[in-house]
Amino acid sequence: MRGKRYPIGAADQVFTGGVMLPGSSLMLSATGDSLDPKGLGFSDGDPDQIGIPVAGTLVPAPWAREPTAQTLLTLQGSDAKPCYFEPRNILAGVLTRFGELGLRPVVAFEIEFYLVDGAHHGGRRIRPPRGPLSRQRAAATQVYSLDRVEDFSACLHAICDACAGQGIATGAVTAEYAPGQFEINLRHSERPLEAADQCVMFRRVVQGVARQHGLQATFMAKPYPAHAGSGLHLHISLVDAAGDNVFAGDGPYGTPECASLLLLHAIGGLKRAMAESMAIFAPNINSQRRFAPNHYVPVRPNWGFDNRSVAVRVPKDKQSKPGATSDRRIEHRVCSADANPYLALAAVLAGIHFGLENRLEAGRPVRGNAGAQAHRQIPFDVPGAVEKCRHGRILPAYFGQRYLDVYGEIKLAEYRAFVESGQAEAAWYL
């Protein structure tokens with residue numbers, strides 16, 4: 001999150017005239033450096049854009065020391081046109097493609113994060129925090145442990161409280177597959193742009209509240225080499241003008257008939273788009289380190305029913321009534337937790353739309369372990385991922401070639417700077 005802090009007396013200025021910010025603020029590296037990608041930054045004089053507050057996003061920031069509120073901004077030029085390089089606008093453009101089909105995505109974000117010891121120092125490896133109640137430092141995996149959730153209940157409850165104050169609806173809280181790793185589900189929304197806004201705000205809430213509790217929260221994809229990585233899973237269904245779920249079939253769950261042709265076409269598109277989307281789904285070296293065989297992380301473009309080893313999972317229905325299909329959806333399991341939520345959702349929706357438009361086949365669902373061996377066509381390195389993204393057959397038509405060229409140049413510059421620094425071990429530090 002980048003922006004400016006204003007005194008409350010300047011609220012009129014912010015909400016009537018906007019906030020001036022350089023457009024290059026959308027094109028900074030992960031370390032905040034201006035890289036002048038494709039001559040945007042130093043070369044063009046670094047012109048300003050106007051940041052316009054997004055309606056409905058003025059909310060309290062209870063983790064701040066002083067009484068503070070925050071609002072999201074969307075950038076536009078002096079001609080009032082949306083800023084081309086803003087990820088939120090990329091997503092908005094993809095969403096219009098579904099409107100042309102008379103369909104509307106319903107989405108939910110699931111994002112994992114780690115709580116780590118807030119007292120660590122720069123030269124020391126991070127470590128799990130001591131439980132506030134047990135006073136013990138967890139070292140082993142205790143997935144779904146209620147004791148772990150209860151041990152950190154004060155912090156987790158404060159996160160959910162702060163989310164409620166921001167209008168972010170949260171659901172289940174889960175201890176995940178590593179010490180200090182948790183997941184707090186965000187509710188499904190029929191407004192995908194707002195859902196992405198809330199995912200961005202959720203990450204800020206988690207990090208801010210954790211600091212209040214003497215902890216540090218990280219959405220780094222792979223903070224510990226020996227423990228599970230953190231993912232960003234996207235749940236998506238499509239509804240028509242009448243509000244009916246067009247992914248629903250007529251047969252019982254687990255049979256081909258439980259999925260509509262539209263659902264199968266969507267899966268076909270996601271499989272086809274996976275390789276060229278990896279630069280979006282896993283945008284840096286650390287993100288790429290999350291992918292390994294037999295780690296509940298997708299390493300092949302495949303799908304299946306109730307199978308957590310595939311890239312695209314069709315979960316069971318939440319309803320108990322046999323044959324109920326109103327919950328029929330896909331769970332896209334590829335993205336790392338540090339992916340940009342706007343770009344991640346845009347890339348997944350682009351794959352779905354491409355599959356629908358071209359009536360692609362899904363192929364057979366996978367049973368058993370689908371992640372024992374990585375697919376050779378999926379790039380699990382930054383240069384390879386950028387190359388496939390820039391020269392893809394799907395994403396350029398949805399993101400625009402110019403955007404992907406600039407995005408790719410930034411990611412390659414980050415990669416080169418990291419490699420040339422000779423500090424490979426720095427990936428395991430915060």
Side-chain angles (χ1 to χ4, degrees), residues 1-6 13-14 17-54 72-94 196 200 276-288 338-344 346-347 350 379 381-423 426-427:
M1 298 283 274
R2 302 185 189 276
K4 294 182 178 181
R5 172 173 157 167
Y6 278 79
Q13 173 187 340
V14 172
V19 175
M20 303 304 290
L21 286 167
S24 64
S25 61
L26 295 171
M27 293 171 271
L28 301 176
S29 73
T31 53
D33 296 318
S34 181
L35 302 173
D36 201 42
K38 298 294 180 183
L40 299 170
F42 306 124
S43 298
D44 64 352
D46 204 14
D48 271 337
Q49 299 273 317
I50 305 172
I52 306 298
V54 176
L72 293 181
L73 302 175
T74 182
L75 298 190
Q76 63 182 38
S78 55
D79 57 2
K81 290 183 179 179
C83 178
Y84 178 75
F85 293 99
E86 181 180 309
R88 192 175 190 273
N89 292 332
I90 297 291
L91 173 58
V94 174
V200 169
E276 65 186 80
S277 302
M278 288 302 295
I280 304 295
F281 297 156
N284 57 63
I285 292 176
N286 187 264
S287 315
Q288 296 280 355
D338 55 359
N340 183 301
Y342 299 111
L343 298 182
D381 65 290
V382 172
V386 169
E387 178 74 9
K388 283 190 178 290
C389 185
R390 281 175 158 176
H391 298 96
R393 296 184 177 181
I394 298 173
L395 288 194
Y398 293 86
F399 282 52
Q401 188 65 57
R402 187 183 179 206
Y403 182 84
L404 294 178
D405 285 344
V406 169
Y407 178 87
E409 186 163 313
I410 294 168
K411 294 303 162 189
L412 288 177
E414 290 176 352
Y415 173 81
R416 286 192 296 268
F418 179 78
V419 171
E420 291 169 4
S421 72
Q423 297 180 22

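Note that this is a predicted model, so its numbers are computed, not measured.
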(message) Any non-hydrogen side-chain atom of Q49 less than 4.5 Å from a side-chain atom of L21?
(response) no
(request) Indicate yes or no: does E409 engage K38 in a salt bridge with an N to O separation below 4.0 Å. (result) yes
(message) Looking at every heavy atom in both Y403 and F85, which two are closest together, and how far apart are they?
(response) CE1-O, 3.6 Å
(request) Please lay out, stage by stage, how Y415 and I285 fare under the test side-chain contact (heavy atoms from CB on, under 4.5 Å). (result) CA-CA 7 Å; Y415 173 81; I285 292 176; 3.6 Å; yes
(message) Less than 4.5 Å apart, side chain to side chain, heavy atoms only: is that true for F418 and V382?
(response) no
(request) Any chance you could measure F281, atom CZ, to Q288, atom CD, to the nearest 0.5 Å? (result) 12.0 Å
(message) Looking at S43, is its backbone amide N or carbonyl O close enough to the side chain of D36 to form a donor-acceptor pair, meaning the two atoms are under 3.5 Å apart?
(response) yes
(request) Kindly compute the distance separating NZ (K411) from OG (S29), expressed to the nearest 0.5 Å. (result) 8.5 Å
(message) Are the side chains of L75 and I50 in contact, using a 4.5 Å heavy-atom criterion?
(response) no
(request) Begin from the C-alpha positions of N284 and D338 and carry the test side-chain hydrogen bond (donor to acceptor under 3.5 Å, both in side chains) through to its verdict. (result) CA-CA 9 Å; N284 57 63; D338 55 359; 3.1 Å; yes
(request) Calculate, to the nearest 0.5 Å, the distance between atoms CD1 and CG belonging to I52 and L72 respectively. (result) 13.5 Å
(message) Rounded at 0.5 Å granularity, tell me how far CZ in R416 sits from OG in S421.
(response) 13.5 Å
(message) Looking at every non-hydrogen atom in both residues, tell me the closest pair between A350 and Y398 and how far apart they are.
(response) CB-CG, 3.6 Å
(request) Please confirm whether the backbone N or O of R390 pairs with a side-chain atom of E276, one donor and one acceptor, at under 3.5 Å? (result) no
(request) Could you walk me through whether F399 and L343 pass the side-chain contact (heavy atoms from CB on, under 4.5 Å) test, one step at a time? (result) CA-CA 9 Å; F399 282 52; L343 298 182; 3.9 Å; yes
(request) Flag the pair M27 / L35 as yes when at least one side-chain heavy-atom distance between them is below 4.5 Å, and no otherwise. (result) no
(message) I want to check something: taking the side chain as every heavy atom from C-beta on, are Y6 and V19 in contact at a cut-off of under 4.5 Å?
(response) yes
(request) Considering non-hydrogen atoms only, spot the tightest contact between S24 and D46 and give its length. (result) OG-OD1, 2.6 Å
(request) For N89 and P82, work out which heavy atoms get closest and say how close. (result) ND2-CB, 3.5 Å
(request) For residues L395 and I280, determine if any side-chain heavy atom of one lies less than 4.5 Å from a side-chain heavy atom of the other. (result) yes
(message) Nearest 0.5 angstrom please: L40 CG to S34 OG, how far?
(response) 9.5 Å
(request) Might you point out which heavy atoms bring L412 and P383 nearest each other, and give the distance in Å? (result) CD2-CA, 3.8 Å
(request) Please confirm whether the backbone N or O of G41 pairs with a side-chain atom of D44, one donor and one acceptor, at under 3.5 Å? (result) yes
(message) Please give me the minimum heavy-atom distance between Q401 and Y84, naming the atom from each residue.
(response) N-OH, 4.4 Å
(message) Consider side-chain contact (heavy atoms from CB on, under 4.5 Å). Of S287, P379, P283, which one does M278 pass it with?
(response) P379
(request) Could you tell me whether the side chain of L26 reaches within less than 4.5 Å of the side chain of C83, counting heavy atoms only? (result) yes
